[in-house]
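What follows is one structure encoded as structure tokens, with my remarks underneath.
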There are 2 protein chains.
Amino acid sequence: MNTRDPLPGALDDHVSLKERLRRGELFSGDCPSRGVLKHITSRWGVLILVALLAGTHRFSDLRRKIGGISEKMLAQTLQDLEGDGLVIRKSYDVVPPHVDYTLSPLGLEAAQRVEALTDWIESSLPRIMEIREEIQRT
Amino acid sequence: MNTRDPLPGALDDHVSLKERLRRGELFSGDCPSRGVLKHITSRWGVLILVALLAGTHRFSDLRRKIGGISEKMLAQTLQDLEGDGLVIRKSYDVVPPHVDYTLSPLGLEAAQRVEALTDWIESSLPRIMEIREEIQRT
DNA sequence: CGGTATCCCATTGGATACTG
DNA sequence: CAGTATCCAATGGGATACCG
């Protein structure tokens, strides 16, 4: 992750995924949506977005909630998502420091789609496990 | 990727993402859905699923359609998705070899959710780019 | 508390060559 | 055509230490 490079390509020369698909070019590597997709679907991006659906969180709250994430990756992924305008970071100038993170309206839309996917996976897990065992036996 | 290890955890001791979230445990690393999520949201998994929404494809068709993927990663990711029961592989015993890949009913459901996400990214890109520039100036 | 900086290992993934 | 095998480069990501 940490695709800190600015999204490549200007607004005008953007070619839609669907158009690229039609052209048989699907996402050939220079599409500007690739960066955003990468941030959102990254290992921790998914979890952060879903976690923030429950509301505003502080750094440590997120870290606790998302078991297994390191400070480094949490900070990095939050920066990526903030850079894409999906997460809003608010820092209060007090001591000890207080910072919190909230989904932007844009981020909310993204998170809801991600949740649709994770919910589906969750509810389909039993079926997936069955099929896995079936395949195993074959 | 290539999480070829069988999904950890039996069917019964599965704890839902939502339940883990409530517990503040969100996806602590031993959740069996992690494997599936990883396969689906992986760099190439996303693209393969979306590509297959257009119908059955042969190996080389996919490779051409998804610009930039290596043979190795295409084979590996297809195996992962097949192992999860999302993609059906059919091999015809002719020479030269002919193999094709199709979404299973389960895979179709997954792919549609993934597409919802990629469609959203695509249509929101202009807004994201604007916000990016705004943030840049700050 | 909420980070950043550094180091370092494990995994990802591309290029190439080879095979049924 | 549809892969597998091998090798190597790039990236991901954890541990630790330090800072405002």
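Sequence lines set the chain letters: A, B, ... in the order given, protein chains first and strands last, and positions in each chain run from 1.
In this model, the phosphate group of D:dA2 is not approached by any side-chain N or O of B:R64 to a distance below 4.0 Å at OP1 or OP2. In this model, the phosphate group of C:dC1 is not approached by any side-chain N or O of A:R58 to a distance below 4.0 Å at OP1 or OP2. Put simply, A:S70 has no side-chain N or O that comes within less than 4.0 Å of OP1 or OP2 on D:dA15. In terms of phosphate contacts, B:S60 brings a side-chain nitrogen or oxygen within less than 4.0 Å of OP1 or OP2 of D:dA2.
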Between protein and nucleotides 3-8 of chain D, what N or O pairs are separated by less than 3.5 Å?
residue: D:dG3; atom: OP1; partner: B:R89; partner atom: NH1; Å: 2.3
residue: D:dG3; atom: OP1; partner: B:Y101; partner atom: OH; Å: 3.4
residue: D:dG3; atom: OP2; partner: B:Y101; partner atom: OH; Å: 2.4
residue: D:dG3; atom: N7; partner: B:E71; partner atom: OE1; Å: 2.8
residue: D:dG3; atom: O6; partner: B:E71; partner atom: OE1; Å: 3.4
residue: D:dT4; atom: OP1; partner: B:Q79; partner atom: NE2; Å: 3.3
residue: D:dT4; atom: O4; partner: B:E71; partner atom: OE1; Å: 3.4

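Atom C1' of nucleotide C:dG3 and atom CZ of A:R63 are separated by 11 Å, given to the nearest angstrom. Protein atom CD1 of B:I69 is 12 Å distant from nucleotide atom P of C:dA15, rounded to whole Å. Between B:L74 atom CG and C:dA15 atom P there is a gap of 14 Å when expressed in whole angstrom units. Between A:I66 atom CD1 and D:dG14 atom P the separation is 12 Å, expressed in whole Å. Put simply, NE2 on B:H39 is 14 Å from C1' on C:dT11, counting in whole angstrom units. In this structure, A:M73 atom CE and D:dT11 atom C1' are separated by 10 Å, rounded to whole Å. As rounded to whole Å, 14 Å separates atom C1' of D:dT11 from atom CZ of A:R43. Atom C1' of nucleotide D:dC1 and atom NZ of B:K90 are separated by 19 Å, given to the nearest angstrom.
Scanning both residues, A:S104 and A:G85, for their nearest heavy atoms gives OG-O, 2.7 Å. For the residue pair B:F59 and B:L74, the shortest heavy atom distance occurs at O-CD2, 3.5 Å. Across all non-hydrogen atoms, the minimal contact from B:A110 to A:L117 is O-CD1, 4.1 Å. The two residues A:A54 and A:H57 come nearest to each other via the heavy atoms CB-CE1, 4.2 Å.
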Stepwise salt bridge (Lys or Arg N to Asp or Glu O under 4.0 Å) check, B:R127 with A:E109: CA-CA 12 Å; B:R127 277 202 286 165; A:E109 293 181 34; 3.2 Å; yes
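With respect to the salt-bridge test (charged N to carboxylate O, under 4.0 angstrom), the residues A:D61 and A:R58 do not qualify.
At a cut-off of 3.5 Å, with distance as the only test, a side-chain donor of B:T102 or B:T56 sits close to an acceptor on the other residue.
A:P97 comes within 4.0 angstrom of a base, heavy atoms only.
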